[in-house]
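What follows is a single structure, written as structure tokens, with notes after it.
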2 protein chains.
Amino acid sequence: MGLTKTEIFTEEQNRLAVMLKAMAHPARIAILQQIIKANACICGDLVEELGLAQATISQHLKELKNAGIIQGTIEGVSVCYCINPTVWNELQQQLSAFFSTYELKTNCC
Amino acid sequence: MGLTKTEIFTEEQNRLAVMLKAMAHPARIAILQQIIKANACICGDLVEELGLAQATISQHLKELKNAGIIQGTIEGVSVCYCINPTVWNELQQQLSAFFSTYELKTNCC
DNA sequence: ACTATATATCGTAATATTGCGATGTATAAT
DNA sequence: ATTATACATCGCAATATTACGATATATAGT
């Protein structure tokens, strides 16, 4: 064993899990915050901002990109990363919907 | 290596990462959905609902409980699990705030 | 006390993640 | 063409996750 049984879950559950997993690391949360804060796209600045090696940051960026949360555009020597608005909004919607399904009721344990 | 460098991140970043990580698995998303749907708390029903072994479900429940997202109350032979309203709302607030920091601007890559 | 039921925990195998140094690749400048 | 800069990728070691069978624990009913 050791691998998730994706086949027994819905497409939606798997997709949400992938997105959340991409965000579920302090370094990647910090990267997203930095990208959002700088509005325009950043790249190697992240290596200096956070205290991680270049290879590590690059790997984290790849994971965020794979999940579709960010997008990178080559700009000369460097690469400019920014939020993917479509995916970002999609995720926001889905999470919002997910959280709002819960409603506190007294008859619980 | 192989372990996250939590010391270089803020308390908030680490906390959010822990919560998201707890939710970042299709089985645990399914479990949360089931718990919310059934409103009142469930337990071993989850084993039948999802197609996973009892030990596996128990482990997933433990992770959700460790993150504080759910809480379990012993009820005779069985254990009743339900959402922890405080943590749930906290997480909802934090995520909402996080997502709303982003605002689309044209001058991007 | 004995048995059934429900859940938790242990131990284990397979696989994934994290982080980094070293190295590759691709553009810009001289 | 050569060199510098910026990233990406490879390979590795340490650790974490996922899933499950087997076993422990704890309550309820007889």
Side-chain angles (χ1 to χ4, degrees), chain A residues 1-9 13-14 17-31 34-35 38 41-67 70-82 109, chain B residues 1-9 13-14 17-31 34-35 38 41-67 70-82 109:
Chain A
M1 321 298 141
L3 79 171
T4 306
K5 280 193 165 180
T6 49
E7 69 276 9
I8 67 170
F9 304 106
Q13 287 167 336
N14 284 315
V18 165
M19 304 284 274
L20 289 177
K21 198 173 181 181
M23 291 181 62
H25 191 286
R28 294 196 288 271
I29 289 174
I31 287 172
Q34 191 60 34
I35 288 179
C41 324
I42 314 172
C43 62
D45 302 337
L46 292 162
V47 178
E48 286 182 48
E49 247 349 288
L50 323 181
L52 291 171
Q54 184 265 319
T56 309
I57 296 288
S58 189
Q59 207 171 256
H60 282 306
L61 285 168
K62 191 182 177 186
E63 282 177 71
L64 286 170
K65 206 168 70 180
N66 282 344
I70 63 169
Q71 58 196 185
T73 320
I74 298 168
E75 247 174 40
V77 190
S78 55
V79 176
C80 175
Y81 283 102
C82 59
C109 49
Chain B
M1 317 301 141
L3 79 170
T4 305
K5 279 191 164 180
T6 49
E7 69 277 9
I8 67 170
F9 304 107
Q13 288 166 336
N14 284 317
V18 166
M19 304 284 274
L20 290 177
K21 198 172 182 182
M23 290 181 62
H25 192 286
R28 293 195 289 271
I29 290 174
I31 287 173
Q34 191 59 35
I35 288 180
C41 324
I42 313 171
C43 61
D45 303 334
L46 291 164
V47 178
E48 285 182 50
E49 251 345 293
L50 322 182
L52 290 170
Q54 183 265 320
T56 310
I57 297 287
S58 189
Q59 209 172 252
H60 282 306
L61 285 168
K62 192 182 177 185
E63 282 177 70
L64 286 169
K65 205 168 70 179
N66 282 344
I70 62 171
Q71 58 197 187
T73 321
I74 298 166
E75 245 174 41
V77 190
S78 55
V79 176
C80 175
Y81 283 102
C82 58
C109 50

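- A close approach under 4.0 Å does occur between a side-chain nitrogen or oxygen of A/H60 and OP1 or OP2 of C/dG19.
- D/dC20 atom C1' lies 15 Å from atom CG of B/L50, rounded to whole Å.
- The CG atom of B/L64 lies 8.5 Å from the CE atom of B/M23; values are rounded to the nearest 0.5 Å.
- We find that NZ of A/K5 is positioned 11 Å from C1' of D/dT18, with the value rounded to whole Å.
- At a non-hydrogen distance threshold of 4.0 Å, nothing from residues 17-30 of chain B comes into contact with DNA chain C.
- Scanning for side-chain hydrogen bond (donor to acceptor under 3.5 Å, both in side chains) contacts around A/Q71 gives an empty result, with sequence neighbours left out.
- At C/dA8, one or more side-chain N or O atoms of B/Y81 fall inside 4.0 Å of OP1 or OP2 (strictly under the cut-off).
- Remark: B/I8 pairs with A/L52, B/K5 by the side-chain contact (heavy atoms from CB on, under 4.5 Å) rule, at least two apart or across chains.
- Rounded to an integer number of Å, the gap from CD of A/Q59 to C1' of D/dA8 is 10 Å.
- Applying the side chain to side chain donor-acceptor pair (under 3.5 Å) test to every pair with at least one member in residues 50-65 of chain B, sequence neighbours left out, gives these pairs: B/R28-B/H60, B/R28-B/E63.
- Applying the salt bridge (Lys or Arg N to Asp or Glu O under 4.0 Å) definition to pairs two or more places apart or across chains, none involves residues 46-57 of chain B.
- Residues passing the side-chain contact (heavy atoms from CB on, under 4.5 Å) test with B/A30 are A/F9, A/Q13, B/L50, sequence neighbours excluded.
- Residue B/T4 is in sugar-phosphate contact alone, with no base atom involved, counting any heavy-atom pair closer than 4.0 Å across all strands shown.
- Heavy-atom nearest nucleotides on DNA chain C were determined for B/F9 and for B/V79, and the one closer to the 5' end corresponds to B/V79.
- Take the nearest nucleotide of DNA chain C for B/T6 and for B/G44: the residue whose nucleotide is more 5' is B/G44.
- Atom CG in B/D45 sits about 13 Å away from atom C1' in C/dT5, given to the nearest Å.
- Contact record, A/A53 with A/V47: C-CG1, 4.4 Å, taken as the closest heavy-atom pair.
- In this structure B/S78 satisfies the side-chain contact (heavy atoms from CB on, under 4.5 Å) test together with B/C43, sequence neighbours excluded.
- The side chain of B/T56 places no N or O atom within less than 4.0 Å of a non-bridging phosphate oxygen (OP1 or OP2) of D/dT18.
- In this structure, A/I57 places its CD1 atom 12 Å from C1' of C/dC20, rounding to the nearest Å.
- With sequence neighbours left out, the side-chain contact (heavy atoms from CB on, under 4.5 Å) criterion links A/L61 to A/I31, A/L46, A/I57, A/I70, A/Y81.
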Report summary line: Its contact letters, B for base, S for sugar-phosphate only and - for none at protein heavy atoms under 4.0 Å, make nucleotides 22-30 of chain D read B----BS--
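- We find that CD1 of A/I8 is positioned 10 Å from C1' of D/dA19, with the value rounded to whole Å.
- Base contact: A/S58 has a heavy atom under 4.0 Å from a base atom.
- Counting to the nearest Å, the P atom of C/dT9 and the CD atom of B/E63 are 13 Å from each other.
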